[in-house]
Amino acid sequence: MRTPHAALLLLFILSCSRVAYSGGGRSRFTSIISFGDSYADTGNLVRWADPVLPGPNPFNNLPYGETFFGYPTGRATDGRLVLDFIAQALGLPLVPPYLAKGSNFSNGVNFAVAGAPALNLTYLQGQNLTVEPPINRSLHDQLDWFQKLKPSLCKGKGADFFGSSLFVMGEFGGNDYNFLMSCNRTVEQARVYAPQIVDSISRGVEVLHTDPARRQVVVADIFPIGCLPAILTMLASPNNMEYDGHGCLKSMNKLGRYQSSLLRRRIKVLRYKYPHTKIIATEYYRPVLACVLVA
Ligand SMILES: *[C@@H]1O[C@H](CO)[C@@H](O)[C@H](O)[C@H]1NC(C)=O
Ligand SMILES: *[C@@H]1O[C@H](CO)[C@@H](O)[C@H](O)[C@H]1NC(C)=O
Ligand SMILES: *[C@@H]1O[C@H](CO)[C@@H](O)[C@H](O)[C@H]1NC(C)=O
Ligand SMILES: *[C@@H]1O[C@H](CO)[C@@H](O)[C@H](O)[C@H]1NC(C)=O
Ligand SMILES: *[C@@H]1O[C@H](CO)[C@@H](O)[C@H](O)[C@H]1NC(C)=O
């Protein structure tokens with residue numbers, strides 16, 4: 001992602017947080033708690049122990065990490081992730097991965113795992129889908145990690161620790177569709193799963209509300225899945241009409257927009273249900289599409 005777009009997203013988030021605090025007095029977040037996939041993973045997947053992930057992991061090798069860190073960090077990019085820019089803009093340390101044992105999680109923790117679906121492994125396998133590697137890293141599993149770590153996170157930090165945390169939920173859905181398409185499902189068959197994916201994201205937001213206190217949650221939409229190299233390869237077509245002006249597959253991008261429209265509707269419902277919570281809907285779709293060069 002080119003910097004201008006990342007900056008745009010960031011500005012959007014920051015301006016929202018100012019609105020959220022204009023009456024409250026508090027001016028900054030003290031921690032970031034993140035859930036997601038490779039768009040947010042700062043090093044969880046590469047720490048997953050053998051023999052679950054045998055062999056070298058590409059994210060553990062150059063050129064990953066080369067343009068900013070100078071070495072691979074486990075991020076699925078050569079530079080920083082949107083989450084890194086958010087942390088830096090808020091004056092917080094880059095969010096450490098949960099599986100980095102011995103990390104200091106006082107200013108945040110990242111549960112995101114590259115390749116994570118919204119739907120869990122047991123469910124996906126029950127749908128006769130091959131999930132590779134078969135590891136429990138779905139949103140549901142990440143929330144279990146959060147519940148386990150929760151007591152130690154707020155210990156000695158007062159009841160308001162989570163009130164001054166920025167929760168970042170997503171992106172989720174891209175990997176679910178990737179698994180579906182790699183098992184030869186049609187776009188129409190994949191579409192049937194969108195409501196369930198949105199339910200899962202919504203349940204994730206709800207888990208963050210075990211008490212009626214104030215929360216700030218950023219919920220990301222889905223990126224343009226029709227531009228993913230894996231999808232472009234699997235669904236390659238000789239018919240030019242199936243591609244948009246960016247060289248991306250129209251049908252898959254339409255599927256992504258369908259999920260996003262369901263998610264936006266759900267966010268409205270959640271805002272009613274949790275009036276103490278600032279739920280910020282944020283967008284990957286258009287900023288990422290704007291970065292995709294015409295092939
Ligand atoms: C963790 O970081 C916080 C804030 O930067 C600091 O106050 C605390 O002493 C650190 N804890 C440990 C065990 O290093
Ligand atoms: C997996 O997801 C299904 C469907 O959402 C749910 O019913 C089930 O409880 C989940 N199982 C586990 C182990 O998370
Ligand atoms: C999975 O495959 C089995 C065996 O072919 C079949 O009986 C079952 O109906 C399939 N389940 C789904 C959800 O497609
Ligand atoms: C994933 O989690 C489910 C439910 O806890 C468990 O039954 C299953 O064995 C786990 N699978 C793997 C590969 O860890
Ligand atoms: C999907 O289809 C391709 C081509 O027909 C085939 O080689 C592959 O084994 C199929 N994959 C699955 C998971 O069914």
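Keep in mind that the numbers below use all heavy atoms, side chains included, and drop hydrogens, waters and symmetry copies. Start at 1 and go down the list; that is how both ligands and their atoms are numbered.
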- request: With sequence neighbours excluded, give me every disulfide bond (SG atoms under 2.5 Å apart) pair touching residues 55-99.
  value: none
task: Keeping to residues at least two apart or across chains, list the disulfide bond (SG atoms under 2.5 Å apart) pairs with something in residues 226-276.
output: Cys227-Cys248
message: Aromatic contact between Tyr39 and Tyr284, with the criterion being ring centroids under 6.0 Å apart: yes or no?
response: yes
Proximity to ligand 2 by part of Arg203, non-hydrogen separation under 4.0 Å: side chain
- prompt: Is the NZ or CZ atom of Arg191 positioned over Tyr258's six-membered ring, under 6.0 angstrom from the centre and within 45° of the axis?
  reply: yes
field: Tyr274: partners by side-chain hydrogen bond (donor to acceptor under 3.5 Å, both in side chains), with sequence neighbours left out
entry: Glu206
- request: State plainly whether the residues Arg257 and Asp221 are in salt-bridge range, i.e. N to O under 4.0 Å.
  value: no
field: Straight-line distance of Ser237 OG to Lys250 NZ, nearest 0.5 Å
entry: 11.0 Å
Short N or O contacts of ligand 5 with protein, under 3.5 Å, listed by atom name?
| unit_1 | atom_1 | unit_2 | atom_2 | d |
| --- | --- | --- | --- | --- |
| ligand 5 | 2 (O) | Asn184 | OD1 | 3.2 |
| ligand 5 | 2 (O) | Asn184 | ND2 | 2.3 |
| ligand 5 | 11 (N) | Asn184 | ND2 | 3.0 |
| ligand 5 | 14 (O) | Asn184 | ND2 | 3.3 |

Distance filter under 4.0 Å to Gly126 heavy atoms, resulting ligand 3 atoms: 13 (C)
field: Contact check: Tyr123 vs ligand 2, nitrogen or oxygen atoms, below 3.5 angstrom
entry: no
- prompt: Would Phe162 and Phe146 count as a close aromatic pair, with their ring centres under 6.0 Å?
  reply: yes
- request: Please identify which atoms of ligand 2 are closer than 4.0 Å to at least one heavy atom of His140.
  value: 14 (O)
